[in-house]
Amino acid sequence: MTTTHTSPPPPPAPGPPHQDAPPLLSVRDLTVTYPGKRGRTAPIRAVDGVGFDIAAGETLGLVGESGCGKSTTGRAIVRLLEPTRGSITFDGRDIGHLTQRALRPLRRHVQMVFQDPHASLNPRQTVARIIADPLLAQGTPADEARRRAAELMDLVGLIPEHLDRYPHAFSGGQAQRIGIARALATRPRLIVADEPVSALDVSVQAQIVNLMADLQRELGLAYLFIAHDLSVVKRVCDRVAVMYLGRIVETGPKQRVYAAPAHPYTRALLSAVPLPDPAAERTRERITLPGDPPSPATPPPGCPFHPRCPKAQTVCRTEAPVLKPSTPGAARRVACHFPEAG
Amino acid sequence: MSASPPAPDTNPDTNPDTNPGTNPGTDPETAAGPAVPSSPWQLVRRELRRRASVTVSLVIIGLFLVMAAAAPLLSALGGRSPDAFDKSAVDPYLGGMPIGPLGGISAAHWLGVEPVTGRDLFARVVHGAQVSLLIALSATAIVVVAGTLTGIAAGYFGGRTDAVLSRLMDLTMSFPSLIFMIAMMSVAKDVNRILLMTAVIGLFGWPGIARVVRGQTLSLKHREYVDAARVGGSGPWRILTRDILPGVAGPVIAYTTLIIPGMIATEAALSYLGVGVRPPTSSWGQMIAASVAFYDTDPMYFVIPSACLFLTVLAFTLLGDALRDILDPRGGRA
C-alpha cells in the first residue's frame, strides 16, 4: 500500500508477541459504575476491578454472557465512558481520566468496530464521508482524506468506485467492512472490536474474521475482541479473558484455557459450544448451570459465581477469590478457590 | 490484500459531500451517475413527486407566494391601488353597495370592490396576502430556529440544561398566549405593527418544535454512529452539526410546514379581533372582519378573502401531512 500520510507507521509486530516488552494497553482495576436513579434503583457496578494487558500486534478475546460487562469494558477503553476507578494505560500514558478534549489527539491510536454494522454508519452520509470522518475530525484536508478513503475501501475488499454510495446500498457484511475501514483510517494501533460479527450470517462472519486477521498481520494491529461466541474467539485470539458479573474469572493463552479450563464457569461455557460432528455432539459432556446470572445491582457476597457453581463451598459464600496464577508461575490466571487442575 | 495503488476515483472534486460542512440536503446528483443508488433526500423527492396532493398544494402555495411577492406589480397591472377609493363603483343610494353582479366584479375591478369605499378587492387581497404570509412565515422562521436550537441543546446536553429548558417549554406552553397576544397588541401604540405581530406570534410557538427536536435528538445521540464519530475524534460541535442536525432535519421540515397554517390563522384571528395590522394596511383576517357586516347584502366580499385563507391553510396542511408521512413516519405531532 502506498502511503503519503504523516502519522507514524504502525510498529511491525508479526508473530506472537513477546512477554517482556511493555504492553501496548494496560488496564488495571477498571471499575465502571452506572449511577442508579435517585431513590429508585441502586447503582450498578457493571465492571468491577478488571485488569489485563494487550501487547502490540496481539489479540485478546473478552468473552462472557450478555450483561457481564464486556462491552462496558470496551467502551471504557475507547473512552465512550468515564471509568469510575482504575487506570487505562495506553503506550505508557494513562488515558482513563483525561478530559475528552485532551483525549482527542490520542483517539487516532485506539479505534472501535461496532456490533451493528448499519447502525454504526450514518445513513445520511456517503461512504466516502463516513470512512474519512476520523481523518477530517483530526484536520486532514478533504481531498487527501478522500484519497485515503479510496485506499481503505480497497484494503477491506470493497470497490473504491462505490465511495459515493450511501450505507443502505450495502449488505451487512459490506457495511461491517466499511466500519472496519473507518476504524483503520487513522492508522490505529489498537482496535476494540465490540461483537464485530455477532450481527452477521455465519458465512459472512468467517469473511470478516479472516479480513481482521489479514489486517492484523499486515498492519501490526492489536485487537480487543469482545464476543460471546467462543468458537469465533478461538479462531482469532491469542489470549482469552472470561468475564462473569463484571469480573475476569479466568484469563490465559487460548490453548490452555480451551484445552483445560480451570474455572467452573469457563468449563460450563465451553461445554455449551456445539460440536460439528453429530456423534461427538451426542456424547459430549454438558454442564448446565442452575439459575440466571444475578443482577449486577445486587451482586452476591463472596465469589460472584457461587450461587450457580456446582462445587461451591462455605468459603465461596464469604470470600471473593482473587485472580491469581492457577499454578505458581503459570501464564493462566483464575479467580477461584477450587480451580480445576490443569 | 492488494498492494496496488488505489484505483483513481472518477470525479473526486465534483462530489459536494466530501467538503466539510456541506449540508447533506444539497443535491448529490451532480456526482451521481445513472447507476449510483440515490441519496436519502433523492428518495424523499421521488416519494413526494408520486403524490398528487403534494403537487396541488405546491402549486397553490407557489401561486400565493408569487402573488404576495409581486403584490405592487399585480395591483399596478389591475390598474388600482389598494387604498384608492372609487365612488363610481358603489351605489350611494343603496347604502354604498357595489354596482354590478357578484360584488361588482367587472373589467375594472377583477374581484369586485369593497362596499361603501369602492376600494379594489383584487388589490387588497393581493396586498393582504403579502402581509399575512410575511407575518406567518417570519414568525415560523423565528419559531423553527428557536425551537430547533433549544430542542437540540436540551436533548444533547441533557442533565441540568435539559431540566431548565424543558421547564421553560412547559411554562411557555401553559401561558395563556392568545390573551397575552391581544393584550400586547392592544397596548403597543407607535410601533411597527407587522414586526410586533411577528414577534408576539413567534414568542409562543417554539416549545412545540423544541419538544419534537429534543425527542429526536435524545434518540439520535445514543446511535452507534454518534459513538463512532466520538471515537473518531469528533468534538460536540462536529457531532451536533454533522450527525445530529441532519438527523433532526426531516421532522423539523415536516413540522415547520404543519405550523405555517397555524401561524396564518393566528395572524388572521388577531387581525379579525381588531388588534392586528391597522387600516389602511390590509390583511386577510382584517378583510374578513370588515366583510361580516355585509354578509347578507354582499356575500362575495366575505367569500374572496376567506377563500384565500382557506386555500393557503389547506395547501400547507396537505403538504405538511405528506412531508410528515415521508420524513417522520413514527413521530407524531408534539
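Every chain is numbered from 1 and lettered A, B, ... according to where its sequence line falls, protein lines coming before strand lines.
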(message) Would you say CD1 of A:Ile159 has more than 12 non-hydrogen atoms from neighbouring residues, nucleotides or ligands within 6.0 angstrom?
(response) no
(request) State, without any angle test, whether A:Ser71 and A:Asp194 hold a side-chain donor-acceptor pair at a distance under 3.5 Å. (result) yes
(message) Less than 4.0 angstrom from a charged side-chain N to a carboxylate O is my criterion; do A:Arg217 and A:Asp214 meet it?
(response) yes
(request) State plainly whether the residues B:Arg50 and B:Glu47 are in salt-bridge range, i.e. N to O under 4.0 Å. (result) yes
(request) Could you tell me which of A:Gly179, A:Ala183, A:Ala137 has the largest number of non-hydrogen atom pairs under 4.5 Å with chain B? (result) A:Ala137
(message) Does any backbone or side-chain atom of A:Ala119 lie under 4.5 Å from a heavy atom of chain B? Answer side chain, backbone, both or neither.
(response) both
(request) Answer with side chain, backbone, both or neither: which region of A:Leu121 has an atom nearer than 4.5 Å to a non-hydrogen atom of chain B? (result) backbone
(request) Please flag which part of A:Arg75 lies under 4.5 Å from any non-hydrogen atom of chain B: side chain, backbone, both or neither. (result) side chain
(request) Would you mind checking which part of B:Leu43 comes under 4.5 Å of any heavy atom in chain A, side chain (CB onward), backbone (N, CA, C, O), both or neither? (result) side chain
(request) For residues 143-162 of chain B, pull every pair meeting salt bridge (charged side-chain N to carboxylate O under 4.0 Å, His left out), keeping only residues two or more places apart or in separate chains. (result) B:Asp162-B:Arg214
(request) Would you mind telling me which of A:Gln111, A:Gln138, A:Met112 has the largest number of heavy-atom pairs within less than 4.5 Å of chain B? (result) A:Gln111
(message) At a 4.5 Å cut-off on heavy atoms, which part of A:Val110 comes close to chain B: side chain, backbone, both, or neither?
(response) backbone
(request) Not counting sequence neighbours, list each pair that qualifies as a ring pair (Phe, Tyr, Trp, His ring centres under 6.0 Å) and has a residue in residues 42-65 of chain B. (result) B:Phe64-B:Trp284
(request) Let me know if A:Arg182 has heavy atoms under 4.5 Å from chain B in its side chain, its backbone, both or neither. (result) side chain
